[in-house]
J.: 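This is the structure I want to talk about, given as structure tokens.
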Amino acid sequence: MSSNASHLPSSLILVGAGKMGGSMLEGWLKVGMKPEGVTVLDPRPSEEMTRFCRENGIALNPASPAAPDVLVLAIKPQMLDEAASALNGTLGPQTLIISILAGKTIGDLRSRLPASGAIVRAMPNLPASIGRGATGAAVNEKVSETQRLMADALLSSNGIVEWLPSEDLIDAVTAVSGSGPAYVFHLVECLADAGTAAGLPPELAQRLARATITGAGELLFQSDLPPATLRQNVTSPGGTTAAALDVLMREPNGLTALMREAVAAAKRRAEELAG
Ligand SMILES: NC(=O)c1ccc[n+]([C@@H]2O[C@H](COP(=O)([O-])OP(=O)(O)OC[C@H]3O[C@@H](n4cnc5c(N)ncnc54)[C@H](OP(=O)(O)O)[C@@H]3O)[C@@H](O)[C@H]2O)c1
């Protein structure tokens with residue numbers, strides 16, 4: 001049981017038990033959330049989720065669930081309007097809403113859910129599904145310190161949580177860690193492509209690229225050293241790695257500039273989608 005398990009809520013409703021909701025639910029149970037305190041609302045739960053709820057004693061779609069300490073919104077953003085009217089009735093004055101809906105601001109949630117008070121807006125990412133996520137989260141002024149600790153206990157069951165000083169930073173978080181896993185997957189594709197161009201059979205290049213990125217990622221995860229130090233440690237002056245890094249770190253058109261442009265484009269798009 002994790003050290004902040006004592007902050008877990010005693011009652012929680014999960015709205016939307018799809019990919020993200022299902023992963024979060026598994027994480028909560030792993031860190032000690034009591035299954036009898038959890039209710040899942042999803043009009044068309046998968047067979048797997050139905051079985052999971054039955055086996056763990058989790059209430060699935062009860063007729064009128066009591067207002068919980070925490071209500072987690074994990075539906076698709078475009079389903080919010082449809083879900084909102086039914087949800088208003090399940091909110092009590094003590095209920096903290098945690099929303100992971102991309103592009104839905106705290107203001108959007110307040111206007112769709114007039115019975116709401118305390119709201120945490122969080123942006124997790126895909127590796128949350130294996131407990132290695134990176135989540136950025138922001139609060140509204142109604143969130144008490146006890147509620148923030150509750151949200152931290154829940155969100156950190158799937159990886160690290162960074163509390164943001166302002167909701168305005170969510171779009172930048174989306175552009176870095178929300179969309180970031182796709183950049184890394186693309187890096188594997190690029191490295192494999194370059195390996196093929198350098199003469200390796202394509203499948204061999206793919207296997208090497210994949211193992212290299214996951215191995216380097218794991219090394220970074222297990223090390224306390226900054227990435228620049230890890231890079232310098234494997235770069236002998238005048239060696240092969242240095243020759244490649246001279247290209248990647250070339251100013252002004254190297255990877256630094258390209259990554260800035262990519263993240264800026266993602267942030268702009270996040271702002272547009274949030275309206
Ligand atoms: N996946 C990611 O990497 C990621 C990262 C950050 C944030 N998010 C956010 O996480 C949210 C969920 O994404 P996801 O990939 O987990 O989507 P998903 O797999 O489609 O899950 C959404 C679930 O909600 C159900 N649902 C639909 N209407 C509902 C309602 N009125 N009440 C209760 N449940 C309802 C859906 O059922 P049906 O399938 O039958 O419609 C589905 O089971 C999104 O808002 C997304 O922005 C996702």
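This one's a predicted model, so the numbers in the text were calculated from it and none came from an experiment.
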J.: Could you check whether atom CZ of Arg210 has more than 12 heavy atoms from other residues, nucleotides or ligands sitting under 6.0 Å from it?
T.: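 Open: at most 12 neighbouring heavy atoms sit under 6.0 Å from CZ of Arg210.
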J.: Do you know which two heavy atoms are closest between Pro181 and Asn125, and how far apart they sit?
T.: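 Here Pro181 and Asn125 meet closest at CG-ND2, 3.9 Å.
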J.: Extract all donor-acceptor atom pairs below 3.5 Å that involve side chains of residues 171-179 and protein atoms in other chains or at least two apart in sequence.
T.:
residue, atom, partner, partner atom, Å
Thr174, OG1, Ile170, O, 2.8
Ser177, OG, Val173, O, 3.2
Ser179, OG, Thr174, O, 3.3

J.: CD1/Ile98 to CG/Leu154 distance, rounded to the nearest 0.5 angstrom?
T.: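 One finds 5.0 Å between CD1 of Ile98 and CG of Leu154.
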J.: Quick check: is Leu169 connected to Val161 through a chain of hydrophobic side chains (ILVMFWY, heavy atoms under 4.5 Å apart)?
T.: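 Different hydrophobic clusters.
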J.: Would you find more than 12 non-hydrogen atoms of other residues, nucleotides or ligands less than 6.0 Å from Arg250 atom CZ?
T.: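 Result for CZ/Arg250: open.
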J.: Enumerate the salt bridge (charged side-chain N to carboxylate O under 4.0 Å, His left out) contacts for residues 61-82, please, sequence neighbours excluded, ordered by first and then second residue.
T.: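 Found Asp81-Arg112.
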J.: Would you please name every residue forming a side chain to side chain contact (heavy atoms under 4.5 Å, CB included) with Glu145, sequence neighbours left out?
T.: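 Once residues adjacent in sequence are excluded, the partners of Glu145 under the side chain to side chain contact (heavy atoms under 4.5 Å, CB included) criterion are Arg148, Leu149.
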J.: Which residues pass the side chain to side chain donor-acceptor pair (under 3.5 Å) test with Gln78, sequence neighbours left out?
T.: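 By the side chain to side chain donor-acceptor pair (under 3.5 Å) rule, Gln78 matches no residue at all.
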J.: Working to the nearest 0.5 angstrom, can you tell me the gap between Leu109 CG and Leu73 CG?
T.: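 So the CG of Leu109 and the CG of Leu73 are separated by 6.5 Å.
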J.: Compare every heavy atom of Thr214 with every heavy atom of Ala211, then report the nearest pair and how far apart it is.
T.: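 Here Ala211 and Thr214 meet closest at O-OG1, 3.3 Å.
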J.: Does anything in residues 117-131 form a salt bridge (charged side-chain N to carboxylate O under 4.0 Å, His left out)? List the pairs, not counting sequence neighbours.
T.: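 Of all non-adjacent pairs touching residues 117-131, those that pass salt bridge (charged side-chain N to carboxylate O under 4.0 Å, His left out) are Arg121-Glu167.
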J.: Could you give all pairs that pass the side-chain hydrogen bond (donor to acceptor under 3.5 Å, both in side chains) test and reach residues 91-109, with sequence neighbours left out?
T.: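 For residues 91-109: Thr105-Asp108.
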J.: Give me the atom names and distance for the closest heavy-atom approach of Pro65 to Thr90.
T.: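 Where Pro65 meets Thr90 most closely, the heavy atoms are CG-CG2, 4.0 Å.
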J.: In Å and rounded to the nearest 0.5 Å, what is the CG to CD1 distance from Leu87 to Ile13?
T.: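 Reported value, rounded in 0.5 Å steps: 8.0 Å.
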J.: Does Thr229 reach the side chain of Arg231, with side-chain heavy atoms less than 4.5 Å apart?
T.: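 The answer is no, as the side chains (C-beta and beyond) never meet within the 4.5 Å cut-off.
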J.: For Ala151 versus Leu96, what's the shortest heavy-atom pair and its separation?
T.: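 The pair with the smallest heavy-atom distance is CB-CD2, 4.2 Å.
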J.: Show which side-chain atoms of residues 131-141 pair as donor or acceptor with protein atoms under 3.5 Å away, not counting sequence neighbours.
T.:
residue, atom, partner, partner atom, Å
Arg132, NH1, Glu218, OE1, 3.4
Arg132, NH2, Glu218, OE1, 3.2
Asn140, OD1, Ile119, N, 3.0
Asn140, OD1, Lys142, N, 3.2
Asn140, ND2, Gly117, O, 2.9

J.: Do the non-hydrogen side-chain atoms of Trp28 and Leu25 ever get within less than 4.5 Å of each other?
T.: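 They are in side-chain contact.
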J.: When Ile, Leu, Val, Met, Phe, Trp and Tyr are grouped by side-chain heavy atoms lying under 4.5 Å apart, directly or through other members, which residues fall in the same group as Leu220?
T.: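 Taking Ile, Leu, Val, Met, Phe, Trp and Tyr as members, Leu220 shares its hydrophobic cluster with Leu225, Leu230.
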J.: Carefully, step by step, assess Leu12 and Leu71 under the rule side-chain contact (heavy atoms from CB on, under 4.5 Å).
T.: CA-CA 6 Å; Leu12 178 151; Leu71 182 137; over 6 Å; no
J.: Report, one line per pair, each donor and acceptor closer than 3.5 Å where one atom sits in a side chain of residues 191-200; sequence neighbours left out.
T.:
residue, atom, partner, partner atom, Å
Thr196, OG1, Ala192, O, 3.0

J.: Quick one: list whatever passes side chain to side chain contact (heavy atoms under 4.5 Å, CB included) with Ser144, sequence neighbours left out.
T.: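 Applying side chain to side chain contact (heavy atoms under 4.5 Å, CB included) to Ser144 gives Thr146, Gln147.
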J.: Show every salt bridge (charged side-chain N to carboxylate O under 4.0 Å, His left out) that has at least one partner inside residues 253-268, sequence neighbours left out.
T.: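 Found Lys267-Glu271.
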J.: Are Leu60 and Ile75 joined in one hydrophobic group, where the rule is that I, L, V, M, F, W and Y side chains link up if heavy atoms are under 4.5 Å apart?
T.: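 Looking at the clustering, Ile75 is in a separate group from Leu60.
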J.: Looking only at non-hydrogen atoms, find the nearest pair between Pro114 and Asn88 and report the distance.
T.: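 The pair with the smallest heavy-atom distance is CD-ND2, 3.1 Å.
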J.: Would you list the atom pairs, donor with acceptor, under 3.5 Å between side chains in residues 43-59 and any protein atom, with sequence neighbours excluded?
T.:
residue, atom, partner, partner atom, Å
Ser46, OG, Met49, N, 3.0
Thr50, OG1, Ser46, O, 2.9
Asn56, ND2, Phe52, O, 2.8

